[in-house]
There are 2 protein chains.
Amino acid sequence: MSINSRFAVAVHILALLALEGRPLSSKYIAGSVNTNPVVIRRILSLLSKAGFVDTQLGVEGGSTLARPAETITLLEVYNVSEQGQLFALHSNQPNPLCPCGRNIKPTLLTVFQKAEAALEGILAEATIADVVQDIEAQVQSQL
Amino acid sequence: MSINSRFAVAVHILALLALEGRPLSSKYIAGSVNTNPVVIRRILSLLSKAGFVDTQLGVEGGSTLARPAETITLLEVYNVSEQGQLFALHSNQPNPLCPCGRNIKPTLLTVFQKAEAALEGILAEATIADVVQDIEAQVQSQL
DNA sequence: TAAAATGTAACTATTATTGTTACATATTTG
DNA sequence: CAAATATGTAACAATAATAGTTACATTTTA
């Protein structure tokens, strides 16, 4: 029914890394997100494979941004944290003997792809740096 | 991970009703969609409550469109067949003592709402009549 | 060498979806 | 009126995805 919270958590992680600017452990990040460190490590693993973060083992280790926050769009993060199609088509193949059943899938696919492209267009316009800036503005107003 | 197939099936049902223009039973529709009649009746129940179809009990009964196909947008169908937010935020409340945890939800919400609105804008532009027209064009090319 | 950290496997609990059977109820036709 | 046909919905099973958790091998640094 909904895009899972991995995307929201992935953005949270990247924004936190950008804000603090030093290696953060999965335990520390989990404290901010309020979840288990393994949940964070699972997502960090995706982000690392995608080249968004570098990780360092050992004492004083942790993850840092591998690219400037200005260059990481939310669309890239979305694509890393979600897989598969946003809209599901029929779970079973419709009846090929019915004109509607035989032809509806390509028709739906066209609309679904347009809708998803529109959604992705918005996500492509925002970067992690924008998110950080937004958070910092809120923090300022809270002083 | 994905919008469930209810939406696709709901559009299929409405397009089929528009194409045939006579009362169709859930059993008949299920034959086109290739699923169980109860699955169809569950979705018809949603469509009926939303005022898109009328249903008739008894022999020669079934469902018919309650509104012209030109007036039913895919967005309306989407809103009936889906509930809840498209994007999930964190499942647990992030740490309010962390500047990022305290402020990230409103920031994300703004972007998510913009993205969802863009998606809905595309769905609002297409009607069941457009879907039917598309299917009929394909049928023509198959003769 | 000890401490700290990652990466991942394995398991549980929860939830949503889909398909299925069953049945009470309503409606139409002969 | 009776039989046939439909709906609407409850109940249940199977499947899948998500999130949380424990555990542990491995790596790195101090």
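This one's a predicted model, so the numbers in the text were calculated from it and none came from an experiment. Residue numbers begin at 1 in each chain, while the letters A, B, ... track the order of the sequences. Hydrogens, waters and symmetry mates play no part in the numbers below; they use all other heavy atoms, side chains included.
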Using a heavy-atom cut-off of 4.0 Å across all strands, would you classify Asn92(A) as base, sugar-phosphate, or nothing?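 Counting heavy atoms under 4.0 Å across all strands, the contact made by Asn92(A) is with sugar-phosphate only.
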Next item on the list: Please work out if Ser63(A) contacts a base, only the sugar-phosphate, or nothing of the nucleic acid, heavy-atom cut-off 4.0 Å.
Entry: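 Since no nucleic acid heavy atom lies under 4.0 Å of Ser63(A), the category is nothing.
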Does Glu116(A) have any salt bridge (charged side-chain N to carboxylate O under 4.0 Å, His left out) partners at least two apart in sequence or in another chain, and if so, which?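 Partners of Glu116(A) under the salt bridge (charged side-chain N to carboxylate O under 4.0 Å, His left out) test: none.
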Results of salt bridge (charged side-chain N to carboxylate O under 4.0 Å, His left out) for Glu120(B) - residues two or more places apart only: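 With neighbours one apart ignored, the set is empty.
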Whole angstroms only, please: what is the [atom1]-[atom2] distance between [X] and [N]?
X        : N       : atom1 : atom2 : result
Lys49(A) : dT6(C)  : NZ    : P     : 15 Å
His12(B) : dT18(C) : NE2   : C1'   : 17 Å
Lys27(B) : dT5(D)  : NZ    : P     : 8 Å
Ile40(A) : dT21(D) : CD1   : P     : 12 Å
Leu24(A) : dA5(C)  : CG    : P     : 11 Å
Asn4(A)  : dA16(C) : CG    : C1'   : 13 Å
Gln56(B) : dT27(C) : CD    : C1'   : 7 Å
Leu46(B) : dT7(D)  : CG    : P     : 15 Å

Look at [X] and [N] and indicate whether a side-chain polar atom (N or O) is within less than 4.0 Å of OP1 or OP2.
X        : N       : result
Ser91(B) : dG20(D) : yes
Ser45(A) : dT6(C)  : no
Ser26(B) : dA6(D)  : no
Ser25(B) : dT5(D)  : no

Q. Is the number of heavy atoms from other residues, nucleotides or ligands within 6.0 Å of NZ (Lys105(B)) greater than 12?
A.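 Counting neighbours around NZ of Lys105(B), more than 12 heavy atoms of other residues, nucleotides or ligands fall under 6.0 Å, so yes.
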* Check whether NZ of the Lys or CZ of the Arg Arg41(B) lies under 6.0 Å from the centre of the six-membered ring of Tyr28(B) and within 45 degrees of that ring's axis. =>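 Ring-cation test returns no.
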Which residue lies more 5' along DNA chain D, comparing Gly61(B) with Asn34(A) via nearest heavy atoms:
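Between the two, 5'-proximity favours Gly61(B).
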Nearest nucleotide by nearest heavy atom, which residue falls closer to the 5' end of DNA chain C, Glu60(B) or Thr55(A)?
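In this pair, the answer is Thr55(A).
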Going by side chain to side chain contact (heavy atoms under 4.5 Å, CB included), name the residues that satisfy it together with Ala118(A), two or more places apart in sequence or in a different chain.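 Once residues adjacent in sequence are excluded, the partners of Ala118(A) under the side chain to side chain contact (heavy atoms under 4.5 Å, CB included) criterion are Ala118(B), Ile122(B).
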| Of all residues at least two apart in sequence or in a different chain, which pass the side chain to side chain contact (heavy atoms under 4.5 Å, CB included) check with Thr107(B)? |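 By the side chain to side chain contact (heavy atoms under 4.5 Å, CB included) rule, Thr107(B) matches Val131(A), Asp134(A), Ile135(A), Gln138(A).
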Which residues share a ring pair (Phe, Tyr, Trp, His ring centres under 6.0 Å) with Phe112(B), sequence neighbours left out:
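Result, ring pair (Phe, Tyr, Trp, His ring centres under 6.0 Å) vs Phe112(B): Phe7(A), Phe87(B).
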Going 5' to 3' through nucleotides 20-26 of chain C and flagging B where a protein heavy-atom sits under 4.0 Å of the base, S where only the sugar-phosphate is that close, and - otherwise, we get BBB---S
- Query: Counting side-chain heavy atoms from CB outward, which of dA3(C), dT29(C), dA19(D) is closest to Val59(A)?
  - Reply: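 For the Val59(A) side chain, the nearest candidate turns out to be dA3(C).
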